[in-house]
Enquirer: 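One structure coming up, written as structure tokens, with questions to follow.
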Amino acid sequence: QVQLVESGGGLVQAGGSLRLSCAASARTFRTYAMGWFRQAPGKEREFVASINWSADVTNYADSVKGRFTISRDNPKNTGYLQMNSLKPEDTAVYYCTTGPQYIYWGQGTQVTVSS
């Protein structure tokens, strides 16, 4: 029902920043919580951050807390992940998700951080 498209990934040096975007296909997006997950080669999908529908409650993985910030712009049906002080271990494909029980997923965007 809701199509998600991530963008903003790329190649950056350690210590650099990226802002990922997650564009939703419909205004229904604003009624759901939204999250970001990532998956590095050979590893399981890992939780990164989440934000509730009204953007007043956020959660972060310990590995990114203090460096990443999740946000959303409901009128634009778009979520964001601001990534600062990037480390090589942040290298992964990043996915956004939303919907009841996180049933909607984007295709992912590659983030590569060089040392």
Side-chain angles (χ1 to χ4, degrees):
Q1 184 177 31
V2 179
Q3 181 174 276
L4 302 174
V5 179
E6 302 96 333
S7 62
L11 173 64
V12 298
Q13 291 278 351
S17 298
L18 288 172
R19 189 180 76 157
L20 306 184
S21 297
C22 176
S25 63
R27 60 178 294 176
T28 306
F29 167 80
R30 68 187 63 183
T31 70
Y32 303 127
M34 186 268 290
W36 289 92
F37 289 75
R38 66 187 182 187
Q39 188 165 20
K43 294 187 176 181
E44 295 292 319
R45 184 184 63 181
E46 175 188 21
F47 169 78
V48 176
S50 65
I51 187 168
N52 74 330
W53 74 271
S54 55
D56 58 345
V57 179
T58 58
N59 289 284
Y60 298 93
D62 288 343
S63 59
V64 307
K65 192 171 185 177
R67 299 187 298 120
F68 292 9
T69 303
I70 189 170
S71 62
R72 65 192 301 165
D73 188 340
N74 284 340
K76 295 182 179 179
N77 297 322
T78 303
Y80 304 96
L81 184 68
Q82 179 66 46
M83 309 166 67
N84 298 327
S85 302
L86 283 162
K87 304 175 180 179
E89 50 262 46
D90 295 319
T91 296
V93 177
Y94 285 71
Y95 299 90
C96 68
T97 182
T98 191
Q101 304 175 75
Y102 286 161
I103 62 173
Y104 305 116
W105 292 83
Q107 86 291 340
T109 185
Q110 177 70 48
V111 172
T112 303
V113 185
S114 61
S115 60

Enquirer: Is there a donor-acceptor pair closer than 3.5 Å between any side-chain N or O of Thr91 and the backbone N or O of Val113?
Expert: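 Yes, the answer is positive, given that a donor and an acceptor are paired below the 3.5 Å cut-off.
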Enquirer: Ignoring hydrogens and angles, tell me if any N or O in the side chain of Thr97 forms a donor-acceptor pair with the backbone of Tyr104 under 3.5 Å.
Expert: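 Side chain of Thr97 to backbone of Tyr104, a donor-acceptor pair under 3.5 Å: yes, one is there.
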Enquirer: Give the minimum heavy-atom separation between Trp36 and Gly79, together with the two atoms involved.
Expert: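 Answer, listing the atom of Trp36 first, then Gly79: CZ2-O, 4.2 Å.
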Enquirer: Output all residues satisfying salt bridge (Lys or Arg N to Asp or Glu O under 4.0 Å) with Lys65, sequence neighbours left out; order by chain, then residue number.
Expert: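 For Lys65 there are no salt bridge (Lys or Arg N to Asp or Glu O under 4.0 Å) partners, ignoring immediate neighbours.
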Enquirer: When clusters are formed by joining ILVMFWY residues with side-chain heavy atoms under 4.5 Å apart, either directly or through shared neighbours, do Phe29 and Trp105 land in the same one?
Expert: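 They do not share one cluster, since no chain of ILVMFWY contacts under 4.5 Å joins Phe29 to Trp105.
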Enquirer: Work out which heavy atom in Val111 is nearest to a heavy atom in Gly9; give both atom names and the distance.
Expert: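 Looks like CG2-CA, 4.1 Å.
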Enquirer: Would Phe47 and Val64 show up in the same hydrophobic cluster when neighbours are defined by side-chain heavy atoms closer than 4.5 Å?
Expert: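 Hydrophobic grouping puts Phe47 apart from Val64.
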Enquirer: Scan Thr31, Ile103, Asn77, Thr98 and name whichever one has a side chain to side chain contact (heavy atoms under 4.5 Å, CB included) with Val2.
Expert: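 Considering Thr31, Ile103, Asn77, Thr98, a side chain to side chain contact (heavy atoms under 4.5 Å, CB included) with Val2 is found only for Thr98.
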Enquirer: Rounded to the nearest 0.5 Å, how far does CG of Asp73 lie from CZ of Arg30?
Expert: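 One gets 9.0 Å once the value is rounded to the nearest 0.5 Å.
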Enquirer: Would you say the side chain of Arg67 lies within less than 4.5 Å of the side chain of Tyr60, judging by non-hydrogen atoms?
Expert: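 In short, these two side chains do not touch, never coming nearer than 4.5 Å.
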Enquirer: Using every non-hydrogen atom in the two residues, find where Gln39 and Ala92 come nearest and quote the distance to one decimal.
Expert: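 Looking at all heavy atoms of both residues, the shortest contact is O-CB, 3.5 Å.
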Enquirer: For Glu89, look at atom CD and say whether over 12 heavy atoms of other residues, nucleotides or ligands are found less than 6.0 Å away.
Expert: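 Yes, the 6.0 Å shell around CD holds more than 12 heavy atoms from other groups.
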Enquirer: Membership question, hydrophobic clusters at under 4.5 Å side-chain separation (ILVMFWY): are Tyr95 and Val48 in the same one?
Expert: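 No.
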Enquirer: Flag the pair Leu18 / Phe68 as yes when at least one side-chain heavy-atom distance between them is below 4.5 Å, and no otherwise.
Expert: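 No - every pair of side-chain heavy atoms lies 4.5 Å or more apart.
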Enquirer: Check the hydrophobic clustering (I, L, V, M, F, W, Y; side-chain heavy atoms under 4.5 Å; chains of links allowed) and say if Met34 and Trp53 are grouped together.
Expert: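 Different clusters.
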Enquirer: Would you compute the distance between atom NZ of Lys87 and atom OG of Ser115 and round it to the nearest 0.5 angstrom?
Expert: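 Here the rounded value is 14.0 Å.
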Enquirer: Could you check Ser21 against Lys76 for side chain to side chain contact (heavy atoms under 4.5 Å, CB included), going step by step and ending with a plain yes or no?
Expert: CA-CA 11 Å; Ser21 297; Lys76 295 182 179 179; over 6 Å; no
Enquirer: What's the separation between atom SG in Cys96 and atom OH in Tyr80, rounded to the nearest 0.5 Å?
Expert: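 Result: 12.0 Å between the selected atoms.
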Enquirer: Tell me if the CD atom of Gln107 is crowded by more than 12 foreign heavy atoms within 6.0 Å.
Expert: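 Yes - once you tally the heavy atoms of other residues, nucleotides and ligands closer than 6.0 Å, there are more than 12.
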Enquirer: If we only count heavy atoms from C-beta on, is the Ser63 to Glu46 side-chain gap below 4.5 Å?
Expert: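 They are in contact (side-chain heavy atoms under 4.5 Å apart), so the answer is yes.
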Enquirer: Are side-chain heavy atoms of Leu20 and Met83 found at a separation under 4.5 Å?
Expert: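 Yes, close enough: below the 4.5 Å cut-off.
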Enquirer: Any side-chain heavy-atom pair from Asn84 and Ser17 closer than 4.5 angstrom?
Expert: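 Contact flag for Asn84/Ser17 side chains = yes.
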Enquirer: Closer than 3.5 angstrom, by distance alone: can the side chain of Glu6 be matched with the main-chain N or O of Gly108 as a donor-acceptor pair?
Expert: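 Yes, because the side chain of Glu6 sits within donor-acceptor range (under 3.5 Å) of the backbone of Gly108.
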